[in-house]
Each structure stands twice: as C-alpha cells, then as structure tokens.
Amino acid sequence: MHASQGRSAGLGLALASAFAFGGSGVAAKPLIEAGLDPLHVVWLRVAGAALVMLPVAWRHRDLLRRKPGLLVGFGLLAVAGVQAFYFASLSRIPVGVALLIEYLAPALVLGWVRFVQRRPVTRAAALGVVLAVGGLACVVQVWSGLSFDLLGLLLALAAACCQVGYFVLSDQGTDEAEPADPLGVIAYGLLIGALVLTAVARPWGMDTSILAGRADLGGSSVPAWLLLGWIVLIATVLAYVTGVVSVRRLSPQVAGVVACLEAVIATVLAWVLLGEHLDAPQLLGGALVLVGAFIAQSTAPKAASGGPVAGSDGANAPEGADGTAASTGPDGAVGAGTEGGERLSAGRTTP
C-alpha cells in the first residue's frame, strides 16, 4: 500500500516537474520579444533560483571540498550552457522546435559512448538514434532547405551538447561510498552558473525598465515581473526539486516517459499561448524524436567492466557503475544513478 502511494506521489511530482520545465520557454519568449537580451533572461532565471537555493547550498557546503569538479561541470554545462544556448535559440526559432532538438541529447550520449569511449551499442540504441535524427529532419523540414533560422538550430543543438557534457560528468564517482547529494549539486550548480553568467551576460547593462512594464503573451498583455517570477520559482526551483524527488520514487523508465511529456507540454503551451503552430510533418517528427529519445534512454550504457555493451534490450532498468539504476537527467536523457536511490536529475532546460 505504501509502495503504491509512494509511486503515485512520484508520478504526480514527475508530471509537475515536466509541466514546470515545459512552461519556461513560453514565459521567457515574451520577455525576449519585449526587449530583454536572451542572456539577461537566463541570468535573471539562474541568479534568482540560486538565491532561493542558498540555504540548501549552505547545508551541503562540504561538497565544495569533496566534489569541486562535479560542481563546476554542473554549473558550466547543465546550468549556464544549457540555459544560455536554449534561451538564445528561442529568439530565433519556435519553442517547440528548440526543445525537440534538445531531445537529441540521448542520441549524442550514445555517440559519445560509441566513438569516444569506443564501446559497442545495441541495435535498439542505434534504432533510437535513427528515429531521433529522422524525426528532427521532419521538425526542421530539411526538404525545404531548412525553413528555420540556421543559427537558431545550431544554438539549440549546442544546448543538447551541453547536456551530454553533464551526463558524462554525472557518471563520475557514483560508485563511491558517499555520493554527492543531488539537491546540493543543483544548488551549487545554480550558484556557479550564476557567477559564470554574470561575467558573460553583464547584467549591469540590462534594461530593467522592461521588467516594470508589460509583455505580450499571445495577444494578451501581462506584467513582465509575473513572467519572470514563473521562470524563477516554478520553471527552475520547483521544476528541479520535484524532478529530483520524482526520480527517487520512480523507476528510470517511468521517469523517462514522464520527462518526455516536457516537450509535448512546451509545444502545446507555445501553440495555445504564443500561436506557434506546427504542421502535420513537424508533429510526426516531434513524435519520432520523443520515441527515439525514449528508446535511447531505455538502453543506457552500462559502466565499463569486462567489455560491456552500451545499451540493454532487457526490461530491467539499466545500471550504473555501482550497480544502481541509471537515472534520467536533463530533458529526460540518462545519467548514472547514485547510491541509495539518490539520482542527479539535472534540470531540464527547459528551461
């Protein structure tokens, strides 16, 4: 009975996380179109969330001594890199397209395993890559000579590459007796990301008067500060925390399926609130990207030990270096699980 209740609670938290992450792009785009630089929006989001998470960072201050490399990598890639590239892409391409491109991350992780680590991948994993790439071709309509801004597509792809860097980092040290607490890593990742973005975004040059005004949300005028509040409190703090807790309560496969709803939610919200319509081939392509991403994450690579094969065709959850289940990371892709059921779920970007 208790297990069933815990699973139900985990599913509810996972849905809340997917909804929160999926709504970030819809809230951010009106601010960008109102005149805020994408990097300034990212800085406001990350700095605001870091401020809220300061008590958590203080509680886990021992991580600065134990895991400095992991914290810096998380801050640079999973926070600063993913958010900056994703928000920059929003200024040039639709929200749904940008997020779907990020779902190439599981395929890119397997590419890292196959060509950098030189470990074999299963046929199922390769099928996931093919589906994801084929779906992406439909989303961007390659037959029409790329109907979307090329720079915008490259920025979204860069966000996916930053996620790959996080997945590689998250596989380090999971077999240790004292793995890093996920909430502590998130808190310090936000702090480090805020520091990095401060140097890059130069927020002192931001036009703060825009935040005191109003922004256009699909034809409706809404307070800019309200959109920013949603981005910071809901799409970042709440999304990261509920995502981490939900992955602890659910199996990687279930959490991965729910995480895939993030792209669907973002696309639907962009359609309803921003009027960003996708045609039938793009919707089909988006479905293929999500299916490919799910197959790729369901066949996550195992740790190297006696010639392992990257990917698993079995029904059980993939395992990490210490024999624990691999976990979903940003945008639903796979990272290694941590001991005792604790997993690093690097917030989706999405933003």
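Every value quoted in this text rests on a predicted model; they were computed, and no experiment measured them. Counting begins at 1 with the first residue of the sequence.
Atoms SG and CZ, on Cys161 and Phe85 in that order, are 9.0 Å from each other to the nearest 0.5 Å. Annotation: the span from Arg66 atom CZ to Leu71 atom CG amounts to 9.5 Å, rounded to 0.5 Å.
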Mind running side chain to side chain contact (heavy atoms under 4.5 Å, CB included) on Ile231 and Leu31 for me, showing each step along the way? CA-CA 11 Å; Ile231 293 171; Leu31 294 177; 3.9 Å; yes
Would you check, one step at a time, whether the test side chain to side chain contact (heavy atoms under 4.5 Å, CB included) holds for Leu233 with Val52? CA-CA 8 Å; Leu233 298 176; Val52 174; 4.1 Å; yes
For the pair Leu44 and Leu211, evaluate side chain to side chain contact (heavy atoms under 4.5 Å, CB included) and give the outcome as yes or no after the intermediate values. CA-CA 11 Å; Leu44 287 168; Leu211 297 175; 4.0 Å; yes
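When all heavy atoms of Phe19 and Trp230 are compared, the closest pair comes out as CE2-CH2, 3.8 Å. Between Leu63 and Val185 the shortest heavy-atom distance is CD1-N, 3.8 Å. Minimum heavy-atom separation, Ala34 to Ile210: O-CD1, 3.8 Å. A pairwise comparison of heavy atoms in Pro38 and Ile32 identifies CG-CG2, 4.1 Å as the closest pair. The shortest non-hydrogen separation linking Ala215 to Leu227 is CB-CD1, 3.9 Å. Closest approach of Gly152 to Ser89, counting heavy atoms only: O-CB, 3.4 Å.
Using a 4.5 Å cut-off on side-chain heavy atoms (C-beta onward), Leu274 and Val26 make contact. Between Leu76 and Val196, some side-chain heavy-atom pair lies under the 4.5 Å cut-off. Taking the side chain as every heavy atom from C-beta outward, Leu155 and Leu90 never approach each other to under 4.5 Å. Two residues are said to be in side-chain contact when any heavy atoms from C-beta on lie closer than 4.5 Å; Val232 and Val46 fail this criterion. In this structure the side chain of Leu153 reaches within 4.5 angstrom of the side chain of Ile93, judged on heavy atoms. Annotation: side chain of Arg61 is in contact with side chain of Tyr188 (closest heavy-atom distance under 4.5 Å). Between Ile192 and Phe74 the shortest side-chain heavy-atom distance does not fall below 4.5 Å. Annotation: side chain of Phe87 is not in contact with side chain of Leu39 (no heavy-atom distance under 4.5 Å).
The main-chain N or O of Leu54 is never found under 3.5 Å from a side-chain atom of Arg59 such that the two would form a donor-acceptor pair. Thr198 places a side-chain N or O within 3.5 Å of a backbone atom of Ala194 that can act as its donor or acceptor partner. Side chain of Lys29 to backbone of Ser91: no donor-acceptor contact under 3.5 angstrom is found. Remark: the backbone N or O of Arg45 is not paired with any side-chain donor or acceptor of Thr236 at under 3.5 angstrom.
In the hydrophobic cluster analysis, where Ile, Leu, Val, Met, Phe, Trp and Tyr join through side-chain heavy atoms closer than 4.5 angstrom, Leu197 is grouped apart from Leu195.
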Contacts table for residues 201-208: side-chain donor-acceptor under 3.5 angstrom, sequence neighbours left out:
residue	atom	partner	partner atom	Å
Asp207	OD1	Ser209	N	3.3
Asp207	OD1	Ser209	OG	2.5
Asp207	OD2	Ser209	OG	3.4

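The other members of the hydrophobic cluster of Trp225, by chain and number, are Leu226 (side-chain heavy atoms under 4.5 Å, ILVMFWY only).
A salt bridge (Lys or Arg N to Asp or Glu O under 4.0 Å) check over residues 209-233, counting only residues at least two apart or in different chains, returns nothing.
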